[in-house]
Every structure is written in structure tokens, then in C-alpha cells.
Protein chains: 2
Amino acid sequence: MYVVRFATRDRSESEMTPPRKSTSEPRVRLNKERVIGAAIALADAGGLDALTMRRLGDELNVEAMSVYNHVANKEDLLNGMADMVFGEIKLPSHSDDWRTAIRKRSISFHDVLVRHPWATTARDSGTNPGTATLRNHDRVIGTFRNGGFSIAAAAHAFSAVDSYIYGFAMQEKSLPFTTPEETAAMAAILLAQLPASDYPYLAELTADHVLKPGYRYSDEFLIGLDLILDGLDSMRIESQ
Amino acid sequence: MYVVRFATRDRSESEMTPPRKSTSEPRVRLNKERVIGAAIALADAGGLDALTMRRLGDELNVEAMSVYNHVANKEDLLNGMADMVFGEIKLPSHSDDWRTAIRKRSISFHDVLVRHPWATTARDSGTNPGTATLRNHDRVIGTFRNGGFSIAAAAHAFSAVDSYIYGFAMQEKSLPFTTPEETAAMAAILLAQLPASDYPYLAELTADHVLKPGYRYSDEFLIGLDLILDGLDSMRIESQ
DNA sequence: ACCTGAACACCGTTCAAGT
DNA sequence: ACCTGAACACCGTTCAAGT
């Protein structure tokens with residue numbers, strides 16, 4: 001939103017100064033949230049490598065060094081970005097049973113990591129979790145507890161589910177293809193290079209599974225997730 | 001091992017030249033393996049940030065730019081490091097049943113990632129897998145296939161297990177503590193800072209589980225792994 | 001064939017100076 | 001209170017020159 005201000009000093013040309021069509025945009029005051037938002041946009045567009053303090057300054061129409069008025073350093077910035085991204089994850093619903101609630105939240109978590117692939121890697125040191133992260137974790141653990149999990153079982157469940165989600169997103173990110181067409185093209189090339197005699201099972205899997213029409217690695221996500229949720233259901237019953 | 005060579009040119013002082021106790025060590029010829037080995041040692045000691053081409057050169061008693069005679073660039077170096085680390089993972093044994101073989105291999109994989117935490121993150125772009133990586137993947141898929149998994153089920157199993165292992169290692173790495181004593185100390189501080197009214201379940205979990213004597217997050221690894229292996233056993237039977 | 005030194009185009013971060 | 005400009009100590013990588 002633009003605030004148009006009237007010039008107070010005399011001007012011969014005109015009494016009212018129109019909004020300046022100049023090189024410098026009207027300055028919106030910088031704050032931590034705007035800094036983090038711009039940083040996320042940069043990382044979404046070009047990965048973590050594309051996020052430098054200097055480019056971030058450019059994006060905010062400010063010198064790079066001004067950013068330091070709003071974040072302590074780059075690590076602080078990355079922590080803030082990770083927490084803002086965590087805030088995008090749908091919290092487990094109180095009205096769903098534990099399994100439905102965790103399943104929906106896990107899918108939402110996965111969607112968020114697909115949207116922001118750099119986020120799998122951003123929080124290198126787990127100190128200083130933000131409030132969105134804490135709230136998310138609290139609600140997930142609460143969902144398990146209210147679903148009948150003992151404290152220990154809730155800890156196991158939380159660890160298993162989130163490890164799987166993080167690891168799946170990492171594997172997905174490292175794949176050099178996404179659409180079925182790209183996958184097929186890439187797999188055909190790989191298969192041609194792959195000495196089938198050295199790696200017979202890899203060759204078989206590529207030829208008879210990955211190259212099948214409609215194959216998409218991302219479809220694996222729900223299969224593994226449901227497998228874990230089945231296991232957690234047994235654990236829940238045993239822990240009662 | 002040092003190879004002592006005799007000087008062929010005449011020397012007035014002595015017929016035999018003793019190994020020179022000079023400032024410059026006897027130069028061992030550089031090769032890609034030695035470069036990658038030194039890079040791994042640097043990353044093990046100080047994380048990926050500590051690995052710069054200049055420091056790597058120092059470590060090898062060479063100018064930084066000489067490294068480029070053996071690796072194309074830093075990405076090539078990181079790929080090489082990842083593959084060498086993959087080579088440390090014990091391959092699944094042919095004489096074990098599928099579950100025992102995969103369990104042992106998964107534990108070995110986890111051990112390797114604990115030894116080289118930076119490796120969870122090093123292979124950002126999954127192109128150009130090395131031969132150790134390919135061999136490992138081939139043997140894992142083969143173990144599933146010979147254990148009675150259909151091709152599709154083997155693909156599901158492979159994805160679920162390795163996603164879990166990667167994700168668990170990432171979570172583990174991001175924890176700011178390892179020993180039970182550090183954990184207890186850190187958890188007590190966190191608990192004191194944590195507004196228990198805002199995060200009741202997190203507070204409960206910390207107080208009644210993490211702060212219990214002998215708690216170690218790494219113990220969660222086998223619990224989640226066995227849960228997944230149980231699920232895979234059901235999937236195997238259904239896929240037959 | 002391998003190694004070196006200088007150079008280029010960047011980084012994150014500090015600090016005194018401005019408004 | 002916030003922003004700027006210059007500076008510092010680094011990066012990865014190139015390239016011509018040496019042996």
C-alpha cells in the first residue's frame with residue numbers, strides 16, 4: 001500500500017506533487033518479516049546458493065548492509081526462513097482421529113518441502129527453533145498423545161514420521177527430473193549408460209518400473225507414509 | 001609408506017642421500033583418490049564450511065589451484081566424496097535373509113552418516129552417481145527381489161528405507177547434543193525457556209521422556225527402522 | 001603432465017559516518 | 001533508529017606461465 005505525501009516546501013510548477021515516477025520506489029519500511037519473505041522468494045527461485053546478502057539487499061531496494069539491522073547474520077536469517085516455512089504446514093486437526101490428522105499434516109509438510117526444497121537443508125544447526133516450529137511439534141505430539149500413544153510411543157512416532165518426510169523430500173530434491181516425461185527421458189539415458197551386467201537389479205528396476213508410463217517418484221511418498229502409519233497403529237495398541 | 005630413492009647424480013658429501021629432513025615433505029604424487037580423501041578428512045573435522053579449495057590445497061602441501069588437475073570443480077569433488085563415503089557402507093550379505101541383510105546394511109549406512117554428517121547434504125544434485133553408490137543400490141534392490149518382493153514392492157521398500165535413514169541422520173545431526181549428559185543439560189535449559197502453557201505436550205515430552213536418565217535420541221533409530229521392516233514384510237507377502 | 005602465481009568476480013561481515 | 005560506503009578477510013575458478 002502506497003502512502004502519498006504532499007510536499008510541504010514551495011514548488012513553482014504545481015501545488016500538488018503527483019506520485020513520483022522516478023527511479024526510486026516509495027520506500028516501504030523494512031522489517032524482519034519482509035526481509036525473510038524476500039529471502040524465501042530468492043531461495044525458491046534459485047536455491048540457497050542464489051541467496052546472498054547482497055542480492056537480498058537488491059531485492060529489497062536497499063544496500064546489503066541494511067539487512068543487518070533486521071537479522072543478526074545469515075544463520076539467523078536461515079532460521080527465520082525455516083520457521084516461516086514451518087508456519088505454512090497445516091496443523092493437525094483436533095476433529096480428526098490421530099491417523100487422519102497426522103496423515104493430512106504429513107502431506108501438507110511434504111507439499112511445503114516440495115515448494116521450498118532448500119528448506120530440507122537450511123536448518124543445519126537445530127538450535128533456536130522458532131514459534132511456528134515449536135507449535136507444529138507441540139500439536140503433532142499432542143495428536144499422538146490424545147490418540148492413545150504413551151509418551152515414549154509418541155516420541156517414537158514423531159521421530160519416525162518426520163525423519164521419513166525429511167528424507168523423502170531430500171531424495172526427491174536430488175532427482176534430476178519431475179514430470180513423467182522427463183523421468184522417462186532421463187531413465188532411458190541412464191539405462192543406456194548403465195552396464196546391465198554390473199547392476200542387473202538396477203537395470204531391471206529402471207526398465208520394468210521407472211520407464212513404465214505414468215511412473216512418478218513422488219507417488220512413493222504416500223506408500224511409505226501409510227506403511228509407517230500402519231506400524232504406528234500397532235505400536236499404539238501395544239503401548240496401551 | 002615412503003619409497004626411498006637413491007640419487008643418481010654425483011654428490012660430494014655422500015654416496016647415499018638420506019631422506020631429506022627439509023621443509024618440503026617428500027612429494028607423494030597427487031591423484032583424485034588422495035584429493036577426495038583429504039577433502040573428507042577436512043569435512044569430518046569441521047563440516048562442509050571448513051572445506052575450501054584453498055584449505056584442501058594446504059592439506060595436500062600444494063597450491064589450491066593444483067587440485068583442479070584432479071577434480072573438475074567443487075561439485076565434482078563433493079560427488080566424489082559422497083561416493084567414497086557410500087563405499088564405506090557394508091553391502092547386504094547374500095547369506096542373510098532379506099530382513100537381516102537390509103537391517104545390517106541400514107545400520108551400517110546410519111553409522112557411516114554419523115561418522116560423516118556432512119554427507120547427508122553433500123549430494124545436492126543426484127546426477128552422476130558413482131560406482132560405489134550404484135553397487136550399493138543394486139545390491140539393496142537385489143536383496144529385496146531375492147527376498148520375494150515384486151519389482152514395484154522393491155522400489156517402494158528401497159524408497160521407504162533410504163528416506164528414513166537419510167531423514168533420521170539429518171535430524172540427528174541438527175541436534176545440539178549427543179551424550180545423555182549433554183542432552184539432559186540442554187533439555188533442562190530448553191524446558192526452562194519453554195512456555196509450558198503454550199507448548200504443553202512438548203513440555204511433557206521433554207520433562208517425562210528426554211530428561212529421563214539414559215535417554216539418547218540415537219536409540220530411536222532402530223525403533224523406526226524395525227517398524228518399517230515390519231511393514232515391508234507385510235507388503236512383501238501381499239505382493240506375492 | 002602437473003604445478004604455480006596473479007587475477008577476476010564474487011562472498012559475509014565490521015565499522016565509522018551519515019540522516 | 002535505520003541506512004550507507006568503504007574496507008577486510010575470505011571464496012571458487014580462469015589462465016598464462018613455468019617445470
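All heavy atoms count here, side chains included; hydrogens, waters and symmetry mates do not. None of the values given here were measured: they were computed from a predicted structure. Chain letters run A, B, ... following the sequence lines, proteins first and then strands; every chain starts at 1.
Arg216(A) places no side-chain N or O within 3.5 Å of a backbone atom of Thr179(A) that could act as its donor or acceptor partner. A donor-acceptor distance shorter than 3.5 angstrom exists from the side chain of Asp138(A) to the backbone of Tyr201(B), with no hydrogens or angles considered.
By the 6.0 Å contact criterion, NZ on Lys74(A) is enclosed, its count of non-hydrogen atoms from other residues, nucleotides or ligands being greater than 12. In Glu75(A), the CD atom is not crowded: 12 or fewer heavy atoms of neighbouring residues, nucleotides or ligands sit closer than 6.0 Å.
Here Lys90(B) contributes atom NZ and Lys104(B) contributes atom NZ; the two are 8.5 Å apart, rounded to the nearest 0.5 Å.
At least one side-chain heavy atom of Leu78(A) sits less than 4.5 Å from a side-chain heavy atom of Leu48(A).
Regarding Lys32(A), its NZ atom lies at a distance of 13 Å from the P atom of dC2(D), rounded to whole Å. Going from atom CD of Glu63(A) over to atom P of dT19(C) covers 15 Å, rounded to whole Å. The nearest whole Å value for the distance from the CG atom in Leu48(A) to the P atom in dC11(C) is 14 Å. As a whole-Å value, the separation of Leu30(B) CG from dC3(C) C1' is 10 Å. Computed from coordinates, the Asp49(A) CG to dC10(C) P distance equals 14 Å when rounded to whole Å. One atom, CG of Asp58(A), and another, P of dT4(D), lie 11 Å apart when rounded to the nearest Å. Put simply, CG on Leu60(A) is 15 Å from P on dC2(D), counting in whole angstrom units.
The side chain of Val62(A) lies closest to dT4(D) when the candidates are dT4(D), dG12(C), dC3(C). For Met53(B), whose side chain is taken as the heavy atoms from C-beta onward, the closest listed nucleotide among dC3(C), dG12(D), dG5(D) is dG12(D).
Looking at every heavy atom in both residues, Ala50(A) comes nearest to Leu42(A) through CB-O, 4.2 Å.
Across all strands shown, Leu56(A) has no heavy atoms under 4.0 Å from either base or sugar-phosphate atoms.
Looking only at atom types and distance, the side chain of Glu33(A) has no donor-acceptor partner in the side chain of His70(A) under 3.5 Å away.
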_Using ring pair (Phe, Tyr, Trp, His ring centres under 6.0 Å), reason through Phe109(A) and Tyr166(A) one step at a time and then give a plain yes or no._
CA-CA 9 Å; Phe109(A) 192 178; Tyr166(A) 267 117; 5.5 Å; yes

Annotated structure of DNA chain C as dot-bracket, pair cut-off 3.5 Å, Watson-Crick or G-U only, | for inter-strand, is ||.|||||...|||||.||

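Considering only side-chain N and O atoms, Arg54(B) lies nowhere under 4.0 angstrom from the phosphate OP1 or OP2 of dT13(D).
In summary, Arg54(B) and Glu63(B) do not engage in a salt bridge, as defined by a charged side-chain N under 4.0 Å from a carboxylate O. For Asp162(B) and Arg105(B), the salt-bridge test passes: some basic side-chain N is under 4.0 Å from an acidic carboxylate O.
Near DNA chain D, meaning a heavy atom under 4.0 Å from it, residues 64-81 of chain B has Met65(B), Tyr68(B), Asn73(B), Lys74(B) in order of number. Residues from residues 35-43 of chain B placing a heavy atom under 4.0 Å of any atom in DNA chain D do not occur.
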